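Shown next, in structure tokens, is the structure this report addresses.
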Amino acid sequence: MNDTIAPYMGPSIIDVSNVRPKLVDLANGKLAGAQREKVGFPEVFDELSKAIPQYGETLGIHTSMWQRIVDKTATLDEIRALKKDVLKLAEVLQESEVYYEDAREADISRIGGFVDATALHGDPSVQAAFNKTLEYRSRYAKKAADQRRKNKQARTETDPAPATEAKAPSHA
């Protein structure tokens, strides 16, 4: 291997069955306005773990409220541990897709080069057998050339006509 690619060494199976009953799929737009964890949550959690048992009854806070916070924090820890691996795997899958797609396109381009060379210096009849391949290979080049042509045309249409020099008034 080289320094630009390396084999993926992370998990290939990510089991979410333990948290599956707790996972939710919200309708689009339902996350708008959701409150997210802020900086300092661990300190707040630690404070609540001490203060609620001592002052909860005085404040009228039922112990089940603290237990819900504990349970939700544990669920978040489980989800975040899995999410880290899922996001890395998704990144690796995306990069692998692009890597192999690029390599395949390079192979197709090389085949087109062999066809061009053979047609030019040997047997021109091979071009017909590779017509779709040659058209596919040149698709982006044709698109780029068309865009350059359009851009040039747009520039000439928007450029003002060269100004004619004003004639100096004649003194008669």
Side-chain angles (χ1 to χ4, degrees), residues 1-116 130-152 154:
M1 291 278 157
N2 60 37
D3 62 346
T4 60
I5 62 170
Y8 172 64
M9 302 305 286
S12 57
I13 297 174
I14 300 171
D15 184 5
V16 298
S17 58
N18 287 342
V19 296
R20 187 169 186 267
K22 300 173 185 175
L23 296 178
V24 297
D25 186 7
L26 300 176
N28 287 341
K30 292 298 179 184
L31 288 177
Q35 298 180 55
R36 300 301 308 266
E37 182 176 297
K38 296 172 242 347
V39 174
F41 174 77
E43 293 80 7
V44 169
F45 187 83
D46 184 52
E47 179 180 80
L48 291 174
S49 72
K50 296 170 187 158
I52 295 292
Q54 185 175 358
Y55 299 105
E57 189 175 324
T58 304
L59 296 170
I61 298 172
H62 194 274
T63 56
S64 65
M65 182 175 282
W66 168 243
Q67 190 56 52
R68 288 196 310 264
I69 292 172
V70 169
D71 294 345
K72 287 175 182 137
T73 301
T75 298
L76 284 166
D77 290 344
E78 289 178 280
I79 289 170
R80 288 172 178 159
L82 291 165
K83 182 180 169 187
K84 179 182 62 113
D85 288 337
V86 168
L87 290 175
K88 181 61 180 177
L89 183 55
E91 173 192 327
V92 168
L93 289 170
Q94 174 68 24
E95 290 169 354
S96 297
E97 177 185 14
V98 171
Y99 174 80
Y100 286 106
E101 199 170 59
D102 178 64
R104 183 186 66 192
E105 294 297 308
D107 289 343
I108 290 170
S109 183
R110 280 193 285 281
I111 289 169
F114 290 130
V115 172
D116 289 343
F130 295 91
N131 194 34
K132 288 189 185 333
T133 303
L134 294 172
E135 187 273 324
Y136 176 85
R137 177 194 61 168
S138 63
R139 195 167 289 152
Y140 288 132
K142 286 179 183 176
K143 186 177 179 179
D146 289 345
Q147 187 62 49
R148 285 191 300 274
R149 223 179 348 270
K150 286 179 186 175
N151 290 346
K152 183 177 180 183

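Counting from 1, the numbers follow the sequence of the chain as shown. Bear in mind that the values here come from a model prediction, so they are computed numbers and not experimental data.
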Rounded to the nearest 0.5 Å, how far apart are OG1 of Thr133 and CD1 of Ile108?
7.0 Å

Exceeds 12 heavy-atom contacts within 6.0 angstrom, atom CD of Gln67
yes

Charged N-O contact under 4.0 Å between Lys88 and Asp85
no

Between Asp116 and Arg137, does a side chain to side chain contact (heavy atoms under 4.5 Å, CB included) hold up when you go through it step by step?
CA-CA 12 Å; Asp116 289 343; Arg137 177 194 61 168; 2.8 Å; yes

Once rounded to the nearest 0.5 Å, what's the spacing between atom CZ of Arg104 and atom CD of Glu101?
5.5 Å

Pairing of Asp146 and Lys150 as salt bridge, 4.0 angstrom limit:
no

Nearest atoms (heavy-atom pairs only) where Trp66 meets Phe45:
CH2-O, 3.5 Å

Distance, nearest 0.5 Å, that separates OH of Tyr99 from CD1 of Ile5:
3.5 Å

Criterion side chain to side chain donor-acceptor pair (under 3.5 Å) on Tyr8 and Glu91, from CA distance to verdict
CA-CA 11 Å; Tyr8 172 64; Glu91 173 192 327; over 6 Å; no

Is any side-chain heavy atom of Lys30 closer than 4.5 Å to a side-chain heavy atom of Val24?
no

With rounding to the nearest 0.5 angstrom, report the NZ to CG distance, Lys84 to Leu89.
12.5 Å

Main-chain N/O of Asp46 paired to Ser49 side chain as donor or acceptor, under 3.5 Å
yes

Just so I know, are the side chains of Leu82 and Val19 near enough to count as touching, which here means a heavy-atom distance under 4.5 Å?
yes

Under 4.0 Å between a side-chain nitrogen and a carboxylate oxygen: does that hold for Glu135 and Lys132?
no

Nearest 0.5 Å, what's the OG1-CZ distance between Thr75 and Arg68?
13.5 Å

Keeping Ser109 on the side-chain end and Glu105 on the backbone end, is there a donor-acceptor pair under 3.5 Å?
no

For the CZ atom on Phe41, are there more than 12 heavy atoms of other groups (residues, nucleotides or ligands in this structure) within a distance under 6.0 Å?
yes

Residue Glu78 excluded, over 12 heavy atoms near CD under 6.0 Å:
yes

